[in-house]
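To keep things clear, I will list the structure first and then write my remarks on it.
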Amino acid sequence: MDKHYKPAEVEGKIYSLWEKGGYFSAPNAKKPYTIIMPPPNANASLHAGHAMYTIDDILIRFKRMQGFSALWIPGTDHAGFETQFVYEKYLKKQGKSRMDFDRKTLYQDIYDFVKENSGLIFKQFTRLGFSADWKRSVFTLEDKVIQQVFKTFKKMYDEGYIKRDEYIVNYCTYCGTSLADLEVVHIERTDPLFYVRYPVKGKKDFITVATVRPEPIFVDTHLAVNPKDKKRNHLIGQTVLNPLTDAEMQIIGDEYVDPEFGTGIVKLTPAHDPNDFKVAKKHNLPITTAIDWNGRIVKEGGKYAGLKVKQAREAVVLDLKEKGLIEKIDENYLHSLATCYKCGRDLEPLTIPNWFIKVEKLKEKVKKATTDNKVKFIPHKFKSHMLSWLEIMHDWPISRQIVWGIRIPIWYEVDPKASNIWVWFIDKDKKPHQDNLRKFLDQGIKIEEIEQGLQKVHALTGPSGPKYVISDKKPTDGKMYLPETDTFDTWFSSGQWPLIVLNKDEMKSRYPTDVMGTLSDILKLWVSRMIMFGLYLESEVPFKEVFLWSMVADKFGKKMSKSKGNVVNPIEMIDKYGADALRMSLVYGIPAGGKVILSDDKVRGMRNFANKLWNVARFVEMEKEKVKTESLHKDDKWILAELNTTIKTVTDSLEKYKFNEASETIYEFIWHKFADIYIEKTKSRRKEAQQTLEHVLDESLKLLHPFMPFVTEEIWGKLNKDKPLIITSWPTI
RNA sequence: GGAUCCGUAGCUCAGCGGUAGAGCGUUCGGUUCACAUCCGAAAGGUCAGAGGUUCGAUACCUCUCGGAUCCACCA
């Protein structure tokens, strides 16, 4: 044996030993133990967060060693919005945009793009020593996933869990899609607050309203005051004039108005403000669009039509100033606003037709399962996080206006005489058009050409909207149809992940799976949805326990992010110090649910530990001759007792997901008890102690194997040439 | 604004009623005999602050201050 352990020379060789031996497939044996891997983005390369899957690998290896039929199922996610965003950046570099392509072409291009990059992350996983059953991998755009998603959607529709509605959503005009509340990032910013005067009808008087958004004023039809506001409730029922259009506006009363804020009077812009939208629905007020999907003022905006929001704001303010209708401007108004988590731009609240899942009934089951501990959360605090989320969880908008995803299986019936479908398409000369479908049909453009170059379909909701059919294929009843162009929110498919990756037999034997280990960030986005779908479709939770870890941080405890430049590339760490060292660093000293602190110093420390173990093995290997004695020496008895305690502690800790305790215990035992104390003492009675030395080393290797699989397997192979691999044996007392 | 978690050695964290612990870092001393990716030793803390419960509080309770995360909302 060399003086030093050299991971680079060992890891590849050991990994293929496991792979060739078929150790990653579940053995037929006995009790099943199952973990499903949270599918990483197929397009991604490994970052520090993924390295935390080490925890799953530790569990799988531990259970495999204990003799379970351990199965770890991997997969990759299409990550709809994420991936399309990356692809569009790539297009932009080439001077192109998604608008240059019809949906089919764009989808295929992204598919090829992803295909080219996919597989990389699994290769990187093997560098970490992950023992997943790779040949079982599922990609979320595979046919069987799409079929499952269609089936679920149909069932939900039939059972009344799906609704279609005009709904105000946060829409990113740059990314071209609506975002769920969970994807919205609120930031604080100083913006001018304009105090706008509304002339009172028939008087020389004004009512002043404070707003940061004067640009959609031309569609406003109402102001509101709080009916309990004694100073102002006399205004209810009065009429003022729209400062831009001079149209008459009514003042209504609604309790949502805060009498203390601004002037205590608000303008209502239902189409572009979530609160105003609620008020408008309640009072049955008109919801008129002022801003289109491109973030520009609509053509009804007269002189402002076509302007972007910011330009329109400047123009409107200028005009109002000229009319003397700006009372004052507060330049230091600090407020929070919604921005896109992806591109950081301001989001535009827009009303667009959306498909929703009605969660009211569904979430009750999740609540009950959580309260009844059908799913156990580790650490425990996440149980209350989940419950508080369920309290406020509201209907889930599942429509995403992107191509890269599973299309919502809806076909709209085209009535050539109705004006209820708006389309955006590229004609056969690659020229884009957007307008009412009827207009194009009247011009004699064939529906086939429109469908061929289709970018977006925007069908009215409600009774005036078109009829539609739920089907994954185009209906063949001879009528004209156009497909829904929206795709499902990624979490709609990944939320059904456990039901997709397990086959029929396994649904009996391995469902619910044993544990789901994932980042606590996606507790609400993903974990809650998986539980919801599991209970809805199978009447049972999809996993018995959830282990959640928090973000991976640098040595100063700061979250790793590209913009901070403190990202640690796990692969570089492996190249430098070995996979075992990296793996150990991710669990040693990390409290459950806590921040994972990863630093060069720490990984180096763990590399040193691997080397220490290596040298313990070298020491043991130097002497082969054993002297049998009648009774054990007191030092032998001591170390064997310590070993037993260690086996017990490590086993118990692993069962309880206390990875830090388990790893610290085995580290302490090997280095500071076995090496520092026992080995030093045996130097004077070497041959006598040889048998105990060998035994303690073997057992230590097993205990450490889930954490540091490569070095332990390598040493095991050197010492126990005739025995099977260490990967299948756990020590017992 | 609401919720949760956390303030213990320079750093990262254990301890959670009975005179303060680990790793890393620092300082000092060690080159034969497994390992300098090592061994031995030392320095370093009114356990954030103030009250309370208790024979006794770093630990339990209350408040204050400081930090983190999540959620809601802001015309």
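First the proteins, then the strands, lettered A, B, ... as listed; each starts at 1.
Remark: B/G1 base-pairs with B/C71; criterion is Watson-Crick or G-U wobble with both hydrogen-bond distances under 3.5 Å. Using Watson-Crick or G-U wobble geometry with both donor-acceptor distances under 3.5 Å, B/G23 finds its partner in B/C11. In a base pair of the Watson-Crick type (N1 to N3 plus N6-O4 or O6-N4) or a G-U wobble (N1-O2 and O6-N3), with each distance short of 3.5 Å, B/G45 is matched with no nucleotide. Pairing for B/G51 goes to B/C61, judged as Watson-Crick or G-U wobble with the two contacts each under 3.5 Å. The nucleotide B/C16 finds no pairing partner, because no Watson-Crick or G-U wobble arrangement with both distances shorter than 3.5 Å includes it.
A gap of 29 Å separates the C1' atoms of B/U12 and B/A50, to the nearest Å. Between B/A57 and B/U37, the distance separating the two C1' atoms is 43 Å to the nearest Å. For the P atom pair drawn from B/G45 and B/U4, the interatomic distance equals 35 Å after rounding to whole Å. When the C1' atom is compared between B/C73 and B/C16, the two are found 38 Å apart, to the nearest whole Å. For the P atoms, the distance linking B/C38 with B/G23 amounts to 13 Å, nearest Å. Across B/G40 and B/G56, the matching P atoms stand 42 Å from one another, rounded to whole Å. Taking the C1' atoms as reference points, B/U58 lies 16 Å from B/U53, given to the whole Å. For B/A14 and B/A22, the C1' atoms lie 7 Å apart once the distance is rounded to whole Å.
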Under a 4.0 Å heavy-atom criterion, the protein footprint on nucleotides 34-41 of chain B, written with B, S and -, is BBSBSS--
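A donor atom on one side chain and an acceptor atom on the other are not found under 3.5 Å apart for A/Y5 and A/N615. One side chain, A/Y657 or A/E545, offers a donor N or O that lies under 3.5 Å from an acceptor on the other. Using modelled atom types, one finds a donor on one side chain and an acceptor on the other under 3.5 Å when comparing A/D319 with A/Y304. No side-chain donor from either of A/N332 and A/T190 sits under 3.5 Å from a side-chain acceptor of the other.
Look at CE on A/M584: it is 12 Å from C1' on B/G23, rounded to the nearest Å. A/I392 has its CD1 atom 14 Å from the P atom of B/U4, to the nearest Å. Atoms NZ (A/K524) and P (B/A3) sit 15 Å apart, rounded to a whole Å. Atom-to-atom, CG of A/D601 to P of B/G10 comes out at 18 Å; the value is rounded to the nearest Å. What separates CZ of A/F659 from C1' of B/A14 is a distance of 18 Å, to the nearest Å. Between the CZ atom of A/R685 and the P atom of B/C33 there is a distance of 22 Å, given to the nearest Å. Atom C1' of nucleotide B/C73 and atom NE2 of A/H335 are separated by 13 Å, given to the nearest angstrom. Atom NE2 of A/H385 and atom P of B/A72 are 14 Å apart (whole Å).
Residue A/A210 comes nearest to A/T263 through the heavy atom pair N-OG1, 4.0 Å, listed as atom of the first residue, atom of the second, then distance. Of all non-hydrogen atoms in A/A675 and A/V616, the two that sit nearest each other are CB-CG2, 4.0 Å.
Along RNA chain B, the nucleotide closest to A/Y588 and the one closest to A/E664 are compared, and the more 5′ of them pairs with A/E664.
At a threshold of 4.0 angstrom between heavy atoms, the contacts of A/Y333 are confined to the sugar-phosphate backbone, with no base atom among them. A/V209 comes within 4.0 angstrom of no nucleic acid atom, judged by non-hydrogen atoms across all strands.
Crowding of A/K624 atom NZ: a count of heavy atoms from other residues, nucleotides or ligands under 6.0 Å exceeding 12. More than 12 heavy-atom neighbours from other residues, nucleotides or ligands sit within 6.0 angstrom of NZ on A/K383.
Under the 90° criterion around 0 for the glycosidic angle, B/U53 counts as anti.
In this view, A/K6 and A/D2 satisfy the salt bridge (charged side-chain N to carboxylate O under 4.0 Å, His left out) rule, not counting sequence neighbours.
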